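Could you have a look at this structure, given as structure tokens, before my questions?
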Amino acid sequence: MINLIGKSIKIFEELNSTNSFVKMNVSNLDSGSIIVARKQTEGRGRRDNKWVSEEGNLYFSVLLKTDIYRDRIFRHIVQSSVSIIKTLNHFNIQAQIKYPNDCLVEGKKISGVLIESLGSSKLDFVIIGIGININQINFNDLKDKATSIKKLIKSNVEVESVLKVFINEYNELLKRNYEEIFGEYLKHSVVINKHIIYKDEEYKIINVEQDGTIIIRNKLIEQRVAYSEISLKEFY
């Protein structure tokens, strides 16, 4: 079954977090629903990192409730990340993907994805939380680590127009097979062949597999590591 998104869109002036709202209201929302907040007071990223959520950017969550499985969770990261890359292309912005789920432009973060779910092998739901920096120009202490569409193209952009492009790109990708989408994910990856520190040892990233497993190698050993086990903050 194809999980088309965007048939139902609810926009709020302010929420603590769109993911939290969806979790609290999951039984009253249809699969494919999108919740948007113009401002978040408790925005979150991976590992509970705070996402600064000023007005003028796009913060939204997508709810999926049908045909979703634990062993395919990384596919939702891939699908969302590639959709963001294609959305930014509409504004002549060439972005890259920092494994597993951040989008960077010239080494600065412009977007991130947070996946949350409930269930065992067959999931009750998946929530895809996405933030895209659109009209923010002052990032204070993060000025060397974050950017926005406006900073890159020197023009204001309607937040709703970015969401519309994303929905169209996401739904178009659903018509393609996962191998093709994953190929685009790898093509835009910024981490292949980079060196990282894992458990106090230096490794080179050799590849990313379709389930999100990352393959790392040094002179002594090659390891397969789950994407939840590592942090790549050094790439900012």
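Note: hydrogens, waters and symmetry copies are ignored here, and every other heavy atom, side chains too, is used. Remember, it's a predicted structure, so these values are computed and weren't measured experimentally.
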task = Report yes or no: does Lys151 contribute a side-chain atom to a donor-acceptor pair with the main-chain N or O of Ala146 at less than 3.5 Å?
result = no

Ser61: side chain to side chain donor-acceptor pair (under 3.5 Å) partners, not counting sequence neighbours = Thr18, Asn19

task = Identify the heavy atoms of Ser148 and Ile110 that sit nearest to each other, and give their distance.
result = C-CD1, 3.9 Å

Let me have the donor-acceptor pairs involving side chains of residues 72-86, under 3.5 Å, with sequence neighbours excluded, atom names and distances please.
| unit_1 | atom_1 | unit_2 | atom_2 | d |
| --- | --- | --- | --- | --- |
| Gln79 | NE2 | Tyr170 | O | 2.9 |
| Ser80 | OG | His76 | O | 2.8 |
| Ser81 | OG | Ile77 | O | 2.8 |
| Ser83 | OG | Gln79 | O | 2.7 |
| Lys86 | NZ | Glu184 | OE1 | 3.4 |

request  = Provide the closest heavy-atom pair for Gly112 versus Asp102 in the form atom of the first, atom of the second, distance.
outcome  =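 It is CA-OD1, 3.5 Å.
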
query = Excluding sequence neighbours, so at least two apart, what forms salt bridge (charged side-chain N to carboxylate O under 4.0 Å, His left out) with Glu14?
reply = none

message = How close do Ile216 and Ile196 get, counting heavy atoms only, and between which atoms?
response =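 Minimum heavy-atom contact is CG2-CD1, 4.1 Å.
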
inquiry  = A side-chain contact here means heavy atoms from C-beta on lying under 4.5 Å apart; do Phe91 and Leu152 qualify?
reply    = no

task = Among residues two or more places apart or on two chains, list those pairs meeting salt bridge (charged side-chain N to carboxylate O under 4.0 Å, His left out) that have a residue in residues 209-228.
result =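 Of all non-adjacent pairs touching residues 209-228, those that pass salt bridge (charged side-chain N to carboxylate O under 4.0 Å, His left out) are Glu209-Arg224, Arg217-Glu222.
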
query = Sequence neighbours excluded, which residues qualify as side-chain contact (heavy atoms from CB on, under 4.5 Å) partners of Asp200?
reply =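 side-chain contact (heavy atoms from CB on, under 4.5 Å) list for Asp200, sorted by chain: empty.
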
ask   = How close do Lys65 and Leu29 get, heavy atom to heavy atom, and via which atoms?
value =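 Smallest heavy-atom distance, with atoms named: NZ-O, 2.8 Å.
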
inquiry  = Would the distance check show the side chain of Asn25 and the main-chain N or O of Asn28 forming a donor-acceptor pair, the cut-off being under 3.5 Å?
reply    =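 Looks like no, no N/O pair under 3.5 Å.
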
ask   = Can you list every pair that meets ring pair (Phe, Tyr, Trp, His ring centres under 6.0 Å) and has a residue in residues 2-37, with sequence neighbours left out?
value =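 Qualifying pairs, neighbours excluded: Phe12-Phe21.
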
task = State whether the number of non-hydrogen atoms from other residues, nucleotides or ligands found under 6.0 Å of Glu202 atom CD is greater than 12.
result = yes

request  = Keeping to residues at least two apart or across chains, list the salt bridge (charged side-chain N to carboxylate O under 4.0 Å, His left out) pairs with something in residues 122-141.
outcome  = none

ask   = If only atom types and distance count, is the side chain of Asn57 paired as donor or acceptor with the main-chain N or O of Gln136 below 3.5 Å?
value = yes

key: Sequence-distant partners of Leu220, side-chain contact (heavy atoms from CB on, under 4.5 Å), two or more places apart   =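 Only Asn218 meet the side-chain contact (heavy atoms from CB on, under 4.5 Å) criterion with Leu220.
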
Tell me which donor-acceptor pairs under 3.5 Å the side chains of residues 155-169 have, and how far apart each pair is, sequence neighbours excluded?
| unit_1 | atom_1 | unit_2 | atom_2 | d |
| --- | --- | --- | --- | --- |
| Asn156 | OD1 | Lys150 | NZ | 3.2 |
| Glu160 | OE2 | Arg38 | NH1 | 2.8 |
| Ser161 | OG | Glu158 | O | 2.6 |
| Asn168 | ND2 | Lys164 | O | 3.4 |
| Glu169 | OE2 | His90 | NE2 | 2.7 |

task = Give me the ring orientation class for Tyr185 and Phe182: parallel if the planes are under 30° apart, tilted from 30 to 60°, perpendicular past 60°.
result =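 Ring orientation of Tyr185 relative to Phe182: parallel.
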
request  = Could you tell me which residues satisfy salt bridge (charged side-chain N to carboxylate O under 4.0 Å, His left out) with Glu201, sequence neighbours excluded, listed by chain and number?
outcome  = none

query = Which heavy-atom pair separates Leu104 from Lys98 by the least distance, and what is that distance?
reply =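 Heavy atoms only, the tightest pair is CD1-CB, 3.8 Å.
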
task = Mind checking salt bridge (charged side-chain N to carboxylate O under 4.0 Å, His left out) for Lys154 and listing every partner two or more places apart, or none if nothing turns up?
result = none

query = What pairs with Lys204 under side-chain contact (heavy atoms from CB on, under 4.5 Å), at least two apart in sequence or on another chain?
reply = Asn193, His195, Ile206

